[in-house]
Amino acid sequence: RISALTLLVFMLIQPVVGYVSDRIGRRPVLIAFGVLGTLGTVPVLTARVIDQTATLTPPQSSALEAKLAAIEQKTGAQVVVLMVPTTLPEDIASYAQRVGAQWKIGRKDVGDGLLLTVAKNDRAVEIHVAKTLQGAVPDILASRIIREQITPAFQAGDFAGGLNRAHFVPQAGKVGG
């Protein structure tokens with residue numbers, strides 16, 4: 001859904017985009033010009049597992065929902081999984097940040113929320129943690145979980161398995177509640 005005005009502006013600046021992308025790479029240019037389009041909407045938080053891609057079967061979604069509820073019961077930390085087709089025109093980290101800010105996952109007085117965002121068509125995964133969990137689930141651990149546990153299962157077509165293998169729970173349990 002590109003508006004006529006956006007298309008016209010892009011056609012006018014296309015020579016500049018080509019020149020700049022040759023100099024600094026395409027990704028920064030696409031992000032910079034992404035503001036010309038509209039950002040993806042943030043879905044309403046209705047459950048611990050929101051699958052807008054219809055990838056998970058109802059039993060898989062229910063099982064993951066139960067697992068996340070058990071995590072919250074045991075540790076107090078709230079974990080939400082969001083699967084969207086794409087986050088474009090913004091990158092997944094920016095989208096996850098925006099979703100997290102709007103949803104305010106975690107207890108208000110503790111700030112112990114974790115958002116696992118999957119942009120299926122973009123082949124991108126992001127683990128976004130609230131401030132209190134940043135010590136328990138630092139960026140390096142989140143990256144390792146994605147790289148070693150989630151991505152191999154996703155590459156094999158096992159999305160439910162990849163989401164279930166994400167073992168950030170023991171670290172989240174360090175947060176008091």
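This is a predicted model, so every value here is computed, not measured. Numbers here are sequence positions counted from 1.
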Backbone of I146 reached by a side-chain donor or acceptor of T151 within 3.5 Å: yes
Within a strict 4.5 Å, meaning less than it, do heavy atoms of the P89 and Y95 side chains meet? no
Review item, side-chain donor-acceptor pairs of residues 54-62, under 3.5 Å, at least two apart:
{"from": "T55", "atom 1": "OG1", "to": "T53", "atom 2": "OG1", "distance (Å)": "2.6"}
{"from": "T55", "atom 1": "OG1", "to": "K120", "atom 2": "NZ", "distance (Å)": "2.9"}
{"from": "T57", "atom 1": "OG1", "to": "Q60", "atom 2": "N", "distance (Å)": "3.2"}
{"from": "T57", "atom 1": "OG1", "to": "Q60", "atom 2": "OE1", "distance (Å)": "3.3"}
{"from": "Q60", "atom 1": "OE1", "to": "T57", "atom 2": "N", "distance (Å)": "2.9"}
{"from": "S62", "atom 1": "OG", "to": "P58", "atom 2": "O", "distance (Å)": "3.0"}

Hey, are the side chains of H128 and Q97 touching, using non-hydrogen atoms and a 4.5 Å cut-off? yes
So, for A153 and G161, which heavy atoms are closest and what is the spacing to 0.1 Å? CB-C, 4.2 Å
Mind checking whether I71 and V81 sit in one hydrophobic cluster, side chains of I, L, V, M, F, W, Y counted as touching below 4.5 Å? yes
Interatomic distance, R107 atom CZ to D112 atom CG [nearest 0.5 angstrom]: 4.0 Å
Calculate, to the nearest 0.5 Å, the distance between atoms CG and CD belonging to D51 and E65 respectively. 12.0 Å
Value rounded to 0.5 Å, distance of CZ in R144 from CG in D139: 15.0 Å
Counting only heavy atoms not in R147 (residues, nucleotides, ligands), do more than 12 fall under 6.0 Å from its CZ? yes
Linking I/L/V/M/F/W/Y whenever their side-chain heavy atoms sit closer than 4.5 Å, directly or via other members, would I92 and I105 fall into one cluster? no
Validation row: V118, L163 side chains within 4.5 angstrom (heavy atoms): yes
Residues two or more places apart in sequence or in another chain: which of them pass salt bridge (charged side-chain N to carboxylate O under 4.0 Å, His left out) with D158? R165
Which heavy-atom pair separates Q149 from A166 by the least distance, and what is that distance? OE1-CA, 3.4 Å
Side-chain heavy-atom pair I50, W103 within 4.5 angstrom cut-off: yes
L82 side chain reached by L116 side chain, heavy atoms, under 4.5 Å: no
When rounded to the nearest 0.5 angstrom, what is the spacing between OG1 in T117 and CG in D122? 11.5 Å
Mind checking who shares a hydrophobic cluster with L88, ILVMFWY linked at side-chain heavy-atom distances under 4.5 Å? none
Of all heavy-atom pairs between G111 and A130, which one has the smallest distance, and what is that distance? O-CB, 3.1 Å
If you group Ile, Leu, Val, Met, Phe, Trp and Tyr by side-chain heavy-atom gaps below 4.5 Å, do V99 and L114 land in one group? no
Closest approach of P43 and Q52, non-hydrogen atoms and distance? CB-NE2, 3.2 Å
Please check: side-chain N/O of D91 versus main-chain N/O of A93, any donor-acceptor pairing under 3.5 Å? yes
Any side-chain heavy atom of R48 sitting closer than 4.5 Å to one from E72? yes
Heavy-atom closest contact (F154 atom, F159 atom, distance): CE1-O, 3.3 Å
Hey, any chance L45 and M83 share a hydrophobic cluster, counting ILVMFWY side chains that come within less than 4.5 Å of each other, even indirectly? no
Supply the atom-to-atom distance E90 CD to L39 CG, rounded to the nearest 0.5 angstrom. 4.5 Å
Do you reckon V84 sits in the same ILVMFWY cluster as I150, going by side-chain contacts under 4.5 Å, direct or chained? no
